[in-house]
Novice: 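The structure is given below, and queries will be raised subsequently.
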Amino acid sequence: MTAPPSPTGIVSVHAAADGQVTVWRREARTGTLHIENTLQRGWVYARNLRDLSALGDSLKVSSEPPAPGAHYHAQDLAPDGRVAERAYRYLLSGPTPRQLETEILRGAMAARSLTARPSFGDLSGYVRLGYTEQHLITTRQTYHQNLTFDDPVRMQFDLETTALSPDEGRIFLIAVRDNRGLETLLEARRAAQEGEMIEAFLDLVRVRDPDVIENHFIHGFDLPFIAARARRLGVPFRLGRTGDGLPWTIEDGSRTPAWACAGREILDTLDAVRRLHLPSSGLKAVARHYGLAPDDRVYLEGTQIVSTYRDHPKLVRQYALQDVQEVDALARIVLAPSFALARLTPRPYHRLTRAGPAKGVLEPMLIRAYHEAGRPFPAPEQGPHDPHRGGHVQLYAEGVLPHIVKADVASMYPSIIRAEGIGPQQDELRIFNRIVSDLTTQRLHHKHQARNPLLPEADRREHHAMQDAMKLVVNAAYGYLGAGRLARLGDRAAADRVTARGRAVLQQVTQELQTRGMQLIESDTDGVYFSTPAPASEEAERALIEDVSATLPEGLTLEFDGRARAMLSHQIKNYVLLRYDGTLDLSGASFESSRSEQYGMAFLRAALRAMLEGDVPEVQAAFEQVMAQLADRTYTNTAVASRVRLGKSREVYAQTRGGRKEAHLEAAWQAGVSFTAGDRVDLYVREGHGLTVMTEPDGHDYDLKHYQAALVHNYATRLRKALDPADWDQLFAGRGPGLFDRPVQQMKVLWRPVRDEDGPDATSSFIPTVR
DNA sequence: TCGCTCCGGGG
DNA sequence: GTGTACGGAGCGA
């Protein structure tokens with residue numbers, strides 16, 4: 001009796017310009033690695049055969065695919081001639097990808113009278129994919145089928161160096177681990193040992209034979225650094241699995257090019273983290289954000305690493321090991337969507353953390369569908385189109401409102417695309433709509449399974465990653481339609497139909513809510529904030545939303561998306577929520593400005609909390625306290641300073657300074673220090689000196705009058721919408737209690753309806769909130 | 001409002 | 001020599 005075959009999945013593909021393709025597969029159960037070598041022809045879609053006219057008879061034109069061993073071949077995908085003028089009617093192929101491309105580019109130079117050999121980037125009339133993409137499409141494969149995240153061998157390594165640049169420093173330590181039990185340190189205490197250490201690292205890579213190599217900022221630091229050191233020390237940096245093993249860089253337009261090598265997928269957790277828009281994308285901060293940092297985590301400043309290694313080497317060793325451990329844990333979270341995405345789209349895993357979801361993920365799926373169907377790839381949309389209108393945004397009320405509910409239309413644009421059968425007009429196979437529909441259906445299944453308590457944790461994670469990946473593609477679909485020339489199957493008119501329908505759906509939601517007595521606050525594209533007329537339980541709120549949802553057309557659902565005790569609605573997309581657990585959520589530029597001073601933000605948070613609790617005396621107390629602390633100079637210069645970016649270097653500013661002074665640059669100039677564009681400095685207004693570069697963080701010589709006024713103008717002003725104008729003036733405009741003043745205890749927190757943008761006069765109908 | 005440049009992140 | 005382009009902030013026109 002033989003065991004059933006163990007399922008395998010692709011972990012890496014290397015497709016070279018000469019047609020050689022190597023595919024690495026892992027067996028999910030046993031971990032065994034299989035290597036397969038094949039040859040592929042290169043293929044490219046073309047509108048016409050003009051550039052290849054020089055080939056004459058050596059270009060065979062036929063409605064059939066090329067025979068094995070064929071030379072240059074053009075498959076006419078519309079032999080009946082019924083095809084749009086600018087469609088990509090021919091599938092060109094050649095003995096190798098390079099030969100085909102060289103032939104096309106050389107032919108184009110002659111046929112179009114160009115003076116230099118063009119590249120495909122500046123050559124219209126072709127659809128060309130990377131060699132690996134070509135192979136995955138022709139063989140109908142994708143990465144990672146049957147594999148879960150830890151089935152591939154994943155290695156993490158991290159360098160400790162004496163400087164940030166390989167010209168100024170060297171590597172003295174490399175921490176290495178993998179997901180098969182390796183965890184080790186390589187060290188070069190003396191400079192003379194660095195080359196051997198790099199060789200030892202490469203040996204380790206060869207022996208452990210990872211499919212995936214990971215680190216945080218590996219493309220921008222570790223790989224360029226170690227490759228440069230290896231070159232300088234005469235060590236061949238053979239990281240890859242075939243040929244000379246040398247890695248190469250992919251110039252993808254980003255400032256730090258991506259590194260790649262044959263047979264090992266190089267993944268940078270930073271690339272994945274950047275998409276999450278966390279306050280910091282650094283490894284330590286992100287690890288803390290996800291609760292991955294161990295209790296005994298060692299934190300070292302970059303500049304301290306060398307001296308710490310000299311005096312307490314154990315600390316640096318622990319630091320480096322914890323780095324690779326954190327990268328491993330972080331990768332499981334942030335790389336999981338890309339890992340799953342690689343099953344859906346014919347692209348290598350390592351390209352997907354950097355690929356845009358529309359052009360980089362969805363479009364290859366569309367091209368694959370046309371290739372499989374053997375149909376011409378459609379012509380792009382013609383000519384310019386009317387300006388594209390987006391979602392509907394409206395403010396209905398401002399001020400402080402109680403019992404807040406947020407509802408949104410689940411995956412609104414994808415749902416509309418699906419429900420209305422919308423897709424690009426040139427997409428004759430209707431593949432765009434089919435992809436969105438299929439992925440939406442499959443996504444629901446994975447979403448459901450991700451929450452299934454009967455499944456093991458690992459399976460649930462896989463389902464979650466899969467639904468995340470599908471969500472990414474599906475959400476990219478609408479943007480792809482409207483993306484203009486960049487998207488080969490873009491269609492502005494179709495994108496307009498999506499948003500128009502979206503505005504109508506949202507309109508219906510807001511009307512239904514109003515009918516049920518809800519006070520709308522703001523609506524934005526696919527969601528709405530509203531206030532219930534009386535306190536309600538979460539169950540009641542959810543029931544209400546379901547009730548409204550039932551009125552929506554087939555395929556569209558309104559979902560509960562959170563609740564809060566109170567909301568300060570300041571401007572459209574600028575609001576503050578006080579949650580039932582006491583957390584304060586600030587949204588929008590009015591509340592999150594990065595230029596804010598510490599003292600002001602501390603006041604604002606305290607005042608907002610009090611305001612949302614309806615406690616005006618406490619707002620006043622917070623204000624008076626900060627004013628008093630400013631006056632008695634409890635605050636330091638640091639607390640009032642703000643960090644600004646300088647737009648010019650000292651030298652450049654010197655040339656314009658005589659004509660027009662710029663406040664920030666002038667302050668830096670006056671400080672007498674050198675600076676270049678992009679430098680950040682802490683500025684504060686110094687008593688008697690105006691705007692000044694902060695040199696004494698613990699000093700107290702700030703300009704009292706300026707900062708007291710700034711507290712009112714920059715911070716208290718964000719509380720205006722919550723109070724009667726006269727009350728606001730009384731509290732913050734600096735007048736003491738006068739004859740006509742109201743006792744603060746009588747002041748109420750308010751809200752008022754807003755009719756529309758340029759609506760009625762601004763002082764109408766204040767209505768106190770019920771507490 | 002658009003288009004350009006710069007940054008992030010790493011020791 | 002291994003492929004068609006990151007996302008946001010801030011600035012000046």
Side-chain angles (χ1 to χ4, degrees), chain A residues 13-22 42 96-98 101 119-124 126-134 158-166 168-173 215-225 240 242-244 246-258 260-262 268-278 280-286 300-309 316 319-320 323 347-348 351 353-357 359-360 363-364 387 485-486 488 589 593-595 644-648 662 664 676-680:
Chain A
V13 176
H14 176 58
D18 62 4
Q20 303 222 34
V21 181
T22 311
T96 71
R98 156 108 34 73
E101 290 174 3
S119 70
F120 275 94
D122 30 60
L123 203 60
S124 64
Y126 297 94
V127 176
R128 173 183 167 271
L129 297 174
Y131 307 145
T132 300
E133 284 81 352
Q134 291 179 37
D158 188 59
L159 307 182
E160 301 306 328
T161 66
T162 59
L164 281 173
S165 151
E168 290 154 20
R170 65 176 186 92
I171 309 167
F172 62 86
L173 187 149
N215 196 15
H216 202 70
F217 207 33
I218 191 171
H219 293 310
F221 180 70
D222 300 270
L223 279 174
F225 198 109
T242 65
D244 61 12
L246 298 181
W248 62 89
T249 56
I250 301 166
E251 295 292 339
D252 60 2
S254 69
R255 209 156 58 103
T256 48
C261 70
D268 195 329
T269 46
L270 176 62
D271 287 328
V273 164
R274 275 184 181 153
R275 318 198 136 186
L276 306 175
H277 306 124
L278 303 177
S280 162
S281 298
L283 175 63
K284 310 328 182 246
V286 176
L300 296 172
E301 290 287 325
T303 47
Q304 303 173 342
I305 296 218
V306 174
S307 58
T308 310
Y309 186 62
V316 176
Y319 171 81
D323 267 9
R347 299 205 71 192
R351 304 281 302 154
T353 46
R354 302 190 136 219
K359 186 95 180 122
E363 192 168 276
R485 263 179 305 127
L486 280 92
R488 294 183 179 279
S593 170
S594 59
R595 288 250 295 266
V644 302
R645 195 176 150 270
L646 300 174
K648 297 174 182 169
E662 297 173 62
H664 296 162
T676 82
D679 282 2
R680 280 161 211 275

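Order of the sequence lines fixes the chain letters, A, B, ..., with proteins taken first and strands second; residue numbering starts at 1 for each chain.
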Novice: Should A:Thr308 and A:Tyr319 count as side-chain neighbours, where that means a heavy-atom distance under 4.5 Å?
Specialist: no
Novice: Counting side-chain heavy atoms from CB outward, which of B:dG9, C:dG1, B:dG11 is closest to A:Asp244?
Specialist: C:dG1
Novice: Just how far is it from atom CZ of A:Phe217 to atom CG of A:Asp271, taken to the nearest 0.5 Å?
Specialist: 9.0 Å
Novice: Base, sugar-phosphate alone, or nothing: which one does A:Arg128 contact when heavy atoms must sit under 4.0 Å apart?
Specialist: base
Novice: Please tell me if the side chains of A:Thr162 and A:Glu168 come closer than 4.5 Å, counting only heavy atoms from C-beta onward.
Specialist: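 No, every pair of side-chain atoms sits at 4.5 Å or beyond.
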Novice: Just call it for A:Gly282: base, sugar-phosphate, or nothing, with non-hydrogen atoms closer than 4.0 Å on any strand.
Specialist: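 It contacts sugar-phosphate atoms only.
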Novice: Can you figure out which of C:dG1, C:dG8, B:dG11 approaches the side chain of A:Phe221 most closely?
Specialist: B:dG11
Novice: Think A:Arg351 has a side-chain N or O under 4.0 angstrom from the OP1 or OP2 of C:dT2?
Specialist: no
Novice: Kindly say whether, by distance alone, the side chain of A:Arg255 makes a donor-acceptor pair under 3.5 Å with the base of B:dG8?
Specialist: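 Checked by distance alone, the answer is yes.
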Novice: Checking side-chain polar atoms at under 3.5 Å, does A:Glu101 have a donor or acceptor matched by the opposite partner on A:Tyr131?
Specialist: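 On atom types as modelled, these side chains qualify, holding a pair under 3.5 Å.
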Novice: Remember a base hit wins even if backbone is also touched, and classify A:Thr303 as base, sugar-phosphate or nothing at under 4.0 Å, heavy atoms.
Specialist: base
Novice: When the distance from CZ of A:Arg98 to P of C:dT2 is rounded to whole Å, what number comes out?
Specialist: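 Nearest whole value for this atom pair: 8 Å.
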Novice: Scan A:Leu164 against the nucleic acid and name what it touches under 4.0 Å (heavy atoms): base, sugar-phosphate only, or nothing.
Specialist: base
Novice: Taking atom P of B:dG9 as reference, at what distance in whole Å does atom CD of A:Glu301 sit?
Specialist: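 Rounded to the whole Å, the gap is 14 Å.
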Novice: In this structure, how many angstroms lie between the P atom of B:dG9 and the NE2 atom of A:His216, rounded?
Specialist: 8 Å
Novice: Scan A:Arg354 against the nucleic acid and name what it touches under 4.0 Å (heavy atoms): base, sugar-phosphate only, or nothing.
Specialist: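 Answer is sugar-phosphate: A:Arg354 comes under 4.0 Å of backbone atoms only.
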Novice: Under the 3.5 angstrom rule, does the side chain of A:Asp268 hit a backbone N or O of A:Ile218 as a donor-acceptor pair?
Specialist: yes
Novice: Have a look at A:His14 and say if it touches a base, only the backbone sugar-phosphate, or nothing, with a 4.0 Å heavy-atom cut-off.
Specialist: base
Novice: Expressed as a whole number of angstroms, how long is the span from A:Lys359:NZ to C:dG3:P?
Specialist: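 So the two atoms are 16 Å apart, to the nearest Å.
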Novice: Under 4.0 Å, heavy atoms only, any strand: does A:Asp323 hit a base, just the sugar-phosphate, or nothing?
Specialist: sugar-phosphate
Novice: Rounded to whole Å, please give me the gap between CG in A:Asp268 and C1' in B:dG10.
Specialist: 10 Å
Novice: Of all the choices, B:dG11, B:dG9, C:dG7, which nucleotide is nearest to the side chain of A:His277 once you look at every atom?
Specialist: C:dG7
Novice: What's the gap between B:dG11 and C:dG8 when it is taken at their P atoms, as a whole Å value?
Specialist: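 Result for the P pair: 25 Å, nearest Å.
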Novice: Measure across A:Pro97 and A:Ala16 and return the closest heavy-atom pair with its distance rounded to 0.1 Å.
Specialist: CG-O, 4.1 Å
Novice: Regarding A:Thr269 and A:His216, is there a side-chain donor-to-acceptor distance under 3.5 Å anywhere?
Specialist: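 The criterion, which ignores hydrogens and geometry beyond distance, is satisfied for A:His216 and A:Thr269.
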Novice: Is A:Leu159 touching bases, backbone alone, or none of the nucleic acid, heavy atoms closer than 4.0 Å?
Specialist: sugar-phosphate
Novice: Need to verify one output field. Residue with the more 5' nearest nucleotide on DNA chain C, A:Thr256 or A:Ala260?
Specialist: A:Ala260
Novice: Which whole-number value in Å describes the distance from A:Leu278 CG to C:dG8 C1'?
Specialist: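 Between C1' of C:dG8 and CG of A:Leu278: 14 Å.
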Novice: Separation of A:Asp158 atom CG from B:dG9 atom P, in whole Å?
Specialist: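 Spelled out: CG on A:Asp158 to P on B:dG9 is 16 Å.
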Novice: Heavy atoms only, 4.0 Å cut-off, all strands: where does A:Tyr126 land among base, sugar-phosphate and nothing?
Specialist: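 Counting heavy atoms under 4.0 Å across all strands, no contact is made by A:Tyr126.
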Novice: Taking the side chain of A:Arg347 as its heavy atoms from C-beta onward, which of C:dT2, B:dG9, C:dT4 lies nearest to it?
Specialist: C:dT4
Novice: Between B:dC4 and C:dA5, how far apart are the C1' atoms? Round to whole Å, please.
Specialist: 16 Å
Novice: Looking only at the side chain of A:Ala16 (C-beta and beyond, no hydrogens), which of the listed nucleotides B:dG9, B:dG11, C:dG1 gets closest?
Specialist: C:dG1
Novice: Base, sugar-phosphate, or nothing: which does A:Leu283 touch, judged by heavy atoms less than 4.0 Å apart?
Specialist: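 Since only primed, P, OP1 and OP2 atoms lie under 4.0 Å of A:Leu283, the category is sugar-phosphate.
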Novice: Would A:Trp248 pass as stacked on C:dT2, i.e. its ring centre under 5.5 Å from the base's six-membered ring centre and planes under 30° apart?
Specialist: yes
Novice: Please report the distance, rounded to the nearest Å, between CZ in A:Arg274 and P in C:dA9.
Specialist: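 Taking CZ of A:Arg274 and P of C:dA9, I get 14 Å after rounding.
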